[in-house]
Each structure stands twice: as structure tokens, then as C-alpha cells.
Amino acid sequence: MNTLFYSLVLLAGILLVVAYLTWLERKFAGRMQSRIGPQRVGKPWGLLQPIADGAKLLVKEDIIPQATDKTAYNLAPIVVILATTLVFVTIPLGKSVVLVDLNVGVLFILAISSLALIGIFMAGWGSANKYAILSAMRGVNQLISYEIPLVLACLVPVILAGSMKLSSIVLAQSKVWFIFYPFLGQIAFLIFLVSALAEANRIPFDITEAESELIAGYTVEYSGMKFAFLWLAEYIHLLAVSLVGSILFLGGWNGPWLPSGLWLALKTLLLFLLILWIRWSLVRIRLDQILALSWKVLFPLSLATLILAGGWSFIF
Amino acid sequence: MNLIAEQIETYKSIIETEGDTLLVNMGPQHPSTHGVLRLVLKLKGEEVVKIEPVIGYLHRGFEKLSENLTYIQIVPLTDRMDYLASITNELAYVLTIEKALKIEVPKKAIYLRVLTAELQRIVSHLVWLGTFGLDLGGALGGGSTLFLYCFREREIILDLFEEFSGARMMYNFNQIGGLRYQPPLDFFSKLKATLPKLKQAFAEYEEMLQENYVFKVRTKNIGVLEVSLAQRMGASGPVLRGSGLAYDIRKAYPYSGYENFEFEIPIGENGDCFDRAKVRILEMKQSLRIIQQALKGMPEGEVAIRPPVRVPTAVKVPAGETYMHIEAPRGDLGVFLVSDGTEKPYRLKWRAPSFSNLAVLPFISNGHKVADVMAILGSLDPVFGEVDR
Amino acid sequence: MSWMKDTFELTGSFLSAFKVTWKNLWRKPVTISYPDQKRVLSERQRATFALLTDPKTGEEKCTGCYICQNICPALVIKMEKEIINERGYAKTFYLDLSGCIFCELCVQCCPQDAIVMVRHWEIAEIKKENLVLDKKRLMENQKYPFSTIIGSKIREMQAVPKPPTASS
Amino acid sequence: MTIEKLKDKIKEKFNLDCQVEVGLVKILVPKESWGTLAEFLRFEAEFNYFSFITAVDRKEKFEMVARVENLEEKTACEFTTEILPNETLSTLSELWEGAVWQEREVFDLFGIKFENHPDLKRILLPEDYTGYPLKKEFPLDKHYEPYR
Amino acid sequence: MEVKEKIPLQSIAEIYQTFPGGELMLTTTEKFFKWAQVSSFWPLTFGLACCAIEMMATFASRFDLDRWGMIMRGSPRQSDLLIISGTVTIKMGPRIRRLYEQMPEPKWVLAMGSCAISGGIFRNSYAVVPGVDRIIPVDVFVPGCPPVPEALMDGILKLQDKIKNSKNDYRKVER
């Protein structure tokens, strides 16, 4: 019984945290662009902004264009939300605070998070709009080519910790966080970050919903609550990426003074702010350059780090 | 089963199968088409096979309207043509009338006209830099950071214009025979205070864009325009100078006192988006130099020669044809006036630089990706009030 | 080894872009939060119009001479003249804000300085009809601060200076 | 080639006299030799910067004005010709590509057709617009339009 | 495929009232959703002419409208405010009509600048539609050429007050 209760609390928690991540992003971006983010909605700092956005999108008229492939069009947001929230099942938020601690945790996370690609393609293809089709094609290219560096980068902590169970990875990092491994940790973390950004379609890889060419990418034809799902899915994916990143590389919840849960929250927040910082200061790269970057640079680099990690765990 | 067959039908109609090229129609409402331009793109996968810009969505009939307004009433109309650089429009029109009437404008008016035209060039290039960042980085990404910085600097200069004339964009500054206002007393001190801020801001943009690897990768040898094609098309201004020809009307045919200011003309090497961007950023620096010289040499005295306008039909231009062209931020802006001695022009033809600059787009964007077409369009910097007149 | 140079240059450019955004993160935002703080408008601001009354005698300055009606490029001013004890008044004076382009030619050539622009921009309307300012509303607009540009002021600025230079 | 040499060349080749102003040569050309003069200017005189081409409606005849410039020597040449309202004129688009759009605009607003122009159709007004607005007898307030 | 007959929404409001506290709940939900619509007002990135530059300046750092929860959306499907900023020419008219129809239902239109309200100085030009309200119903008019950011923001505030105290069902917008 308590798993049902815990999963409901987890779901509500994710949606609430993600809602306030959108608020944080607009505030942080505003501050970086020397303006103030949302300010007037919930008087002092615009705290009620995400609630207002959600309620407004709830009430919006839900247009289903006539030429769309109805099943793909309606199912796409559900698949995308499913793919991104299911990842939180195996992510431990504390020592024993986890829904189900699979011993193939990392594999499960990587498999589920690549499901989002199907949702995005369904959205793009279903809405029968030329921009959406173009963006869906681009999304498929980009996400597939970044799957491999992501997997290899995640394998490095698995090799160093000797097991795929997330909680045991964190235990293995109690003394030295994986990122502080001299040459190996930084490169693996960098590859993980770059390919996770590409997975989540964030700048500089956000060509699927590139504002300047394809208006709003695969979300062109969506309005109201369906658009809210697609929009939130991106932030849920980012939350998952920063959580997984802080667990795999930044040593989860072990840290010197503060209580364990706070450490994890602090690290994810830091990682999220880093992703935001990248988003608001870089220019988007073109599709073929993105693919070239993944195949020519990230793929061999991640193979090299994998070999290095193997050697390292063999010696020590 | 017929449901699926029917859906395949609908998709076939969407993707015209002429050798699997996709006909995409980037309609008049598009975040990055700088206004109202429809691009009919024939794409093969990602690459552009053929591109055909459709313009005319902002054609407001300037030439017909100006045949029914008197010479004085046309000055506020000229502000609305190239709405990013309204002072240079007024300047072109007013200089043509003064050339036709052979009026000598007082020295202070000449210096003030040069000063405000160069400030307007900086404002127009700032808006270009902001929207160029949008084209590359997308409205919600890094590009919009650059966009907001450029608009923050632009606000400083707009405050100065508001002090001088009372309006932020459509100033109605010039008048046949000089300016309409004296600058307020503290105008020059405020201007001196803002110049270092602008210089520091330009250095910041230079740093954020010029050495930026991602910016270079997105703009190096994209949309290469070689010099002879540019000349035959009539492209002018930063687009022509980006291809390596140092042709600047302020130096070639010095007008309104430009001969007693010295400044260089920046040119590019191989005429791609990067060079056009570099030329515009360096031009902004040159404009700062001109403004400083104008501030130093600002004489005292009156700003207008004509007795103040009392009766609207005061100005009559003798019959004849005059043509005068100046260096607007976008290029060679010319006014061809055919007058018949009454107080209304018989025919007023505007030679708009953006019209010819935009005509270059189909010639230089074949074989590029869709993302590059946006970068090329951004580097040509068309303003549709001027393209469609 | 161009590959190494490329990645080196790539990280260099990323760092410079990050430096710019980092510097701006700590600068004070330039935003003016509109409903509470308002921007100080320049004293030559051109917003809505006002028909002036002569402070000494208390009757309106406008003598209905049709000059501003003729010079307006957008043809938005319409007035009718009436003569009361051999002095012209504007019986009705309509200024259609929906067509006006705020070019200030009417203020410049008004011989009696009767019409002036005021510094008040809150003029949005829900209904299109009350964008047409009739004489009563133009008179009421006098309560807003005037712009310092009045017809005689412009002419004095432009006039060829008599021996004592009239600097504004 | 300085302006004087240009003047004599034109004199002996087309025996047209041209007025000379500072850096500008104005030539009045009969309709037939419009194309040949343009070719001469483009190739021999290297006026390869195309400035503009426009028409002036003189009620009973159109006056076509075209201006080309030589940027190196800073000289410009304006050649004009008179054509009757329903006559056509040879196009300049083979010599200067810039003329393609400008001639389309002249056709759009004046109704003057150009022979063997690549695609002569309306550029500024909607395709199904009737009437040529910039003609003098086109009244300002009467509108030919599909939409109003 | 015949379209299923949609349940008229008005009847749901009546069902609300049959419950004991229904009336009170209806007004509070209505007020809540109206507040939500007003405080997250997403305009469409759609600029025609000079007023578009002034609109961009209003959304830039100095008069930042992100403070009011307004993000510029690219596609008409996700935006609920259409700011007509610039001259509406006869070639652009049908495009604006289609854009308006593509926007989901609670949508509002703000005519910015004298060109959009009545054609401004181009009123009697052969190629300009004198006033955008001949093509689409307009909710608020902001005069000015171009209107200073304060004027545009004042217009948006007046539109928001109009939405707040519009008495009808939060789904349909009173024309």
C-alpha cells in the first residue's frame, strides 16, 4: 500500500518542483539579461506564476487540427510525460528513500529516457505540419546519435562503483566523488552533461524546437493542456538529468556537514543552474555540426574514458 | 483499413513528391523573418534547393501618397519608410529638396545632422545585431541574451533622441532648410557621458561574438556573395562592403559636411555572413569616432535657414529632375524627385537599399541548410518598410 | 592537430560567452516596473493634445484659423469656425487620435500657440469612438504637464537670430 | 574611361548628345537603341553597379529613367527614354540581375511590359489585383481591390 | 467522421448552480481562472512594421513584460493575445484573418499604433486596410505612432481589467 502512496507523493512532488523550476529559469534568465523575471503575479517575486500558467493552459480551448493523425497526435504528450517521469522510479532521494531500488538502475534510466524520442516523433508526425515533420526528423537524428555517448558516459561510474544499483554507486562515492577522479571523472562528467543536454533538446542543441527556423518545432500544433504536457516534459527531463548527474558523478547525498537529503537537493540545484547558464549564453549549432560533434568527438572520447575506467578499476 | 489509406492521401498532398523535395512555406508570420516576408523554400531533406522570397506584405503606397502631400507634409511620411533609421530617410529627402532649391544650410545644422545620422546608424545596427542573435540563437536561447543587451544599449540612445525631439522613433527632425529644434542645453553633456558606456558595450559584443567559435561555425563562408554579382544586383552598404569593395557614399560623394570628418570604411574579405557582421560592428565603432569629432567641432548659431513655416504652401520646387543619394545604415538610399513647380512633387521615387539587398538572397542561399538561410537573411538585414515602400 | 586547436578554441569561446553572462548576472537590472515606477518623460514629449486657455483672460486661445487642419498630413483635425463679437472661435474641434501620427506640425504652425502636446501616455481605449478627442476633452487635457515645445518656441528656435542670439 | 571620353564615344557610336554634370552623364535615348546603349554601358564603359529603373507617367507618354554607376571611377549615367503607354521595352535583366525585381515593380505599379523578362508578374501588390496604381489617371480614393 | 455533438458549456455552469454552494464556487473558480488568464498572457511574435520594433523594445530589458508573465510564443496555437503592431495591407489581410482563426478560443486582440486602428497616415492609400477591426474583432486600441512602451503597457493593463470584470463564462470572450 505504501508504494502507491509514495508514488503519488513522488508524482505530486515532481510536478510541483518542476513547476517552480520554470519559475526559477525565468527569474535566473531575467537576472542574466539584466531584467527582472516574473514579478507581478505573486506580488513579491512572482511566485504564483507557474500556477497561473498551468491554470490558464488548463482552461485553453483544445484544438485538434483536422488533417492530423488523431491517434499519434493525442497519444504523443502522454508518451513523452510517461517516458520522462518513469525515470524517477529508481532514483534514490535519500539512503533508503527510493520507490524500488532496481539493481539495474542505470540501465533502466537510460532505456526509459530514450522512450521520449518516440513521443517526440509521434508529436511531430501526428500534427501533419511541415515544421513539425522537419523538427521530428531532426529530433530523431539528434537523439539517436547522442544515445551512445550518454550510455558510455554513464557506464564509467558503474564500472568504478562495480554495480548498477544507484544507491551502491552513491555508497562507493562516500570517500571520493567520481568527478574528482583525476583525468577520468571530469571527461566522463563533461560527456554526460553534453549528451544529456542533447537528449533534453536544450541550447546549444535545441534544433527540434528552434524558434527561428521551425517556429515551435514539434509543439507547433499543440495548444492548451497537451502543450503544457510537452512543455513540462522538457523540464522533468532536465530535473531527471540533474538528479542522475549529481548521483552518478557528484556523490549523491554524502557530504561533510549538512544532512544527506539537503546535499542532494543542493547538487541538483547547482547542476540545474549550470544547465540554465549554458542555455542563456550559447548560440545554437546547426544539425550537421551537432551530429559531427557527437560521432567524431564524443563517441571516441567516451570509448577512451571507458577503457581508462576499466584500467583504473583493474589496478585499484 | 480505409482510414489509414485516407490518411496517407492527406500526407501525400502535404509532401509534394517532385523527387521527394518538400515545399515549405515560411509565411509572413515567422519569428525570424524580420517582419513580413514569405519564403517559399523547396527543400530536399535539410538542404535548400530553390528559394523564392515573396514580398509586398507591407506595400503601403508611399510614392502614390507623396504625390498628394505638399513638400512639408512628406517629411513625417519619410520617417515611416526605413523605420529603423528614420533620420537618414528624412536626411535623404530634405537634401534632395535643398539640392533642387540650392539652399545653403547653416553650419550648426550640418554638424547636428551628421551627429544624429551617425547616432541613428548605431541604433539601427544595434537592432540588427539583436535580431541576428535571435536568428542564430533562437528567441529563448543564448541569442535572446544578445538581443536584450543590444536593446538595453539602444534605450540609452533613444533617451537622448527623446530629449532632443520628444519622440523615440519617428522624430520628424529635419525640415527643408535645417532642423526644427535647437538641442536642449544639457544634450551635449549627456551625449558625452554615454559615449564611454557605448564603447564598453561594443567591446562586450565584440568579445561575445567575434571570437565565439559557435558563432564563427554558424556564419563562416555561409552565403558567400562575390563582388561582381553584388554590384550587378545593386546591393550596397554593409552587404557590398562585406564582399570586399570599399564603396561608401559618405566618402565617394561627400554630402552634408561629411568631407570634414575622417573615418575608415571597414570591408570584409570573402563576403560571407561573418564578414557582413564584422563590417557592421566595426562601422558602429567608426560612427562613435564621427560623433566625437562632430561634438568637438560643433559651432554655435541657428539651425534653420528658412523663415519659420507659417503658411503650409510655402515651399515650391521649380520644375526639373534631381537625384540625391546618401549612405543609410542599409546602403545607398536615393531620392529621385521630378517636380513641376507646384507645391506637390510630380513623382518621388525612392531607391531603397534593402530592396536590392534582399534580391540577392535567392542567388547566395542555394545548397545551404534551412538554419543557414535564416542566418543569411539576418546578415542581409532587410527592413520591410523600405523593401515594400 | 587541427582537432585539438578546434576544441581549444571552442572552450575559449564558451568561456568568453559565460564570462559576459556572468558579469551581467551581478549587474543591477535596468527594468522599470511600470505600474509602480514610471519613467521620467522628456519635457519635449509628444503624447496627447490640449487646447490652451489664455491664463490672463480665461478664454480659449484658438481662433479657428484652419491652418493646423491644412498642414496635418494625416488629415485628422476638423474644426468649424464661428465669429463672436468680431473674434473667431472654434465652434467644434475634433482631433482623431486614431489617425494622428504625432508629428507636431500643427503645434509648430499654430500662430496663437493654442494647441500643445502634453506628457500623458495613458490614452489606450476599449472603444474606438472615444479616441476622437472633441473640444471638451482637449480642454480637459490641460491638467497634464505641457511639453515645452509650443508654436512660438519652435519658431524662435528656428528663426535667423536677431542681434541678441535667442538661445532656447 | 573619364566622362569626356565617354561623351565622345557615345557621340560617335549613337550620335546622341548628353548633358554632363559633376560625376553624372544624362542621355536621352530613342526607344530602339535602349538595349544596345545598355550593353555598351555595361561592357565597354563598365557601369556595372545597377542603381534603379523607374517610370514617370507624363499622362500621354511614359518616361523611363534608369541609372547605373561605375563605383571605381565614381561616375554615374542616367539614360531615359519615352515610350507610349501600350508599348513594351526591352529588358535590362540579362545585363544586371538587379533589374529583374525593379522591372517587376515598374510593371506592377505602371503596367509597362518588358520583353523576355524572366518572370514578369506582380511583386508588391496581390496577384489578383486589377489596375496599375501609380498611373496618373488612377484616382487615389477609388480602389480596385479584391479585399476591401 | 461526424463530429460528436459537444456538450454546451453553458449547461455545466448551470449544473454548478444546482449544488448548494455552487454559486459561490462558480464565481470563485471563474475569478481564479480569470486571474490565471490575466497573469499568464502569452502574445504571438508577430510584428508588421515600426510598431513591432517598439513592441520588441517593450519586451526587452528596460520595460520587461516577462514581469507580467508574458512570454512571446512563436505559434498561434499557444498564444492568447494577438498584438497587431503595424500597417495592415490588403495583401496581409487574409493572413491575419487566418492567424486569428488558428488561435485557441479565449483570445484577445490589441490594435497597436494608429496604422492598425484606422490606417493612420496611410488611411486613403490604395493598398492599406483602414483599421484592423474590419478584419478581426479588436478588444483594445492603443493610439500612437509608434506608441511609447508606457502606452502599450497601459493598453495591456486596460485589457486585463476588461478581462477581469467581464461577466461571461470564462471560456467565451465577450466581443
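Quick caveat, the model's predicted, so the values are computed rather than measured. What you see below is based on every heavy atom in this structure, not just the backbone, and it leaves out hydrogens, waters and symmetry mates. Residue numbers begin at 1 in each chain, while the letters A, B, ... track the order of the sequences.
Enclosure of atom CZ in E:R98 is not indicated, since only 12 or fewer non-hydrogen atoms of other residues, nucleotides or ligands lie within 6.0 angstrom.
For the pair E:S40/A:Q49, a side-chain contact is recorded, criterion being any heavy-atom separation below 4.5 Å from C-beta on.
Only the side chain of A:L57 has a heavy atom closer than 4.5 Å to any heavy atom of chain E. Looking at E:D64, only its side chain comes within 4.5 Å of chain A, counting heavy atoms on both sides.
Side-chain atoms of E:Q37 never come within 3.5 Å of backbone atoms of A:V59 as a donor-acceptor pair (strictly under, hydrogens ignored). The backbone N or O of E:P106 sits nowhere less than 3.5 Å from a side-chain atom of A:E61 that would complete a donor-acceptor pair.
Between chain A and the residues E:Q102, E:M103, E:R77, the most heavy-atom pairs under 4.5 angstrom are made by E:R77. Counting heavy-atom pairs under 4.5 Å between each of A:P65, A:G54, A:S223, A:G30 and chain E puts A:S223 at the top.
The OG atom of E:S79 sits 7.0 Å away from atom NZ of A:K60, with the distance rounded to the nearest 0.5 Å. Here the straight-line distance linking atom CD of E:E105 with atom CG of A:D62 works out to 13.0 Å at 0.5 Å rounding. Taking CG from E:D66 and CD from A:Q33, the interatomic distance works out to 8.5 Å, rounded to the nearest 0.5 Å. Taking CZ of E:R73 as the start and CH2 of A:W231 as the end, the distance is 7.0 Å to the nearest 0.5 Å.
In plain terms, the two heavy atoms of A:A52 and E:W35 that are nearest each other are CB-CH2, 3.8 Å. When all heavy atoms of A:I51 and E:F32 are compared, the pair lying nearest together is CG2-CZ, 4.3 Å. Across every non-hydrogen atom of E:M70 and A:R26, the tightest pair is N-NH2, 4.0 Å.
Relative to the ring axis of E:W42, A:K56 places its NZ or CZ within 45° and under 6.0 Å from the centre.
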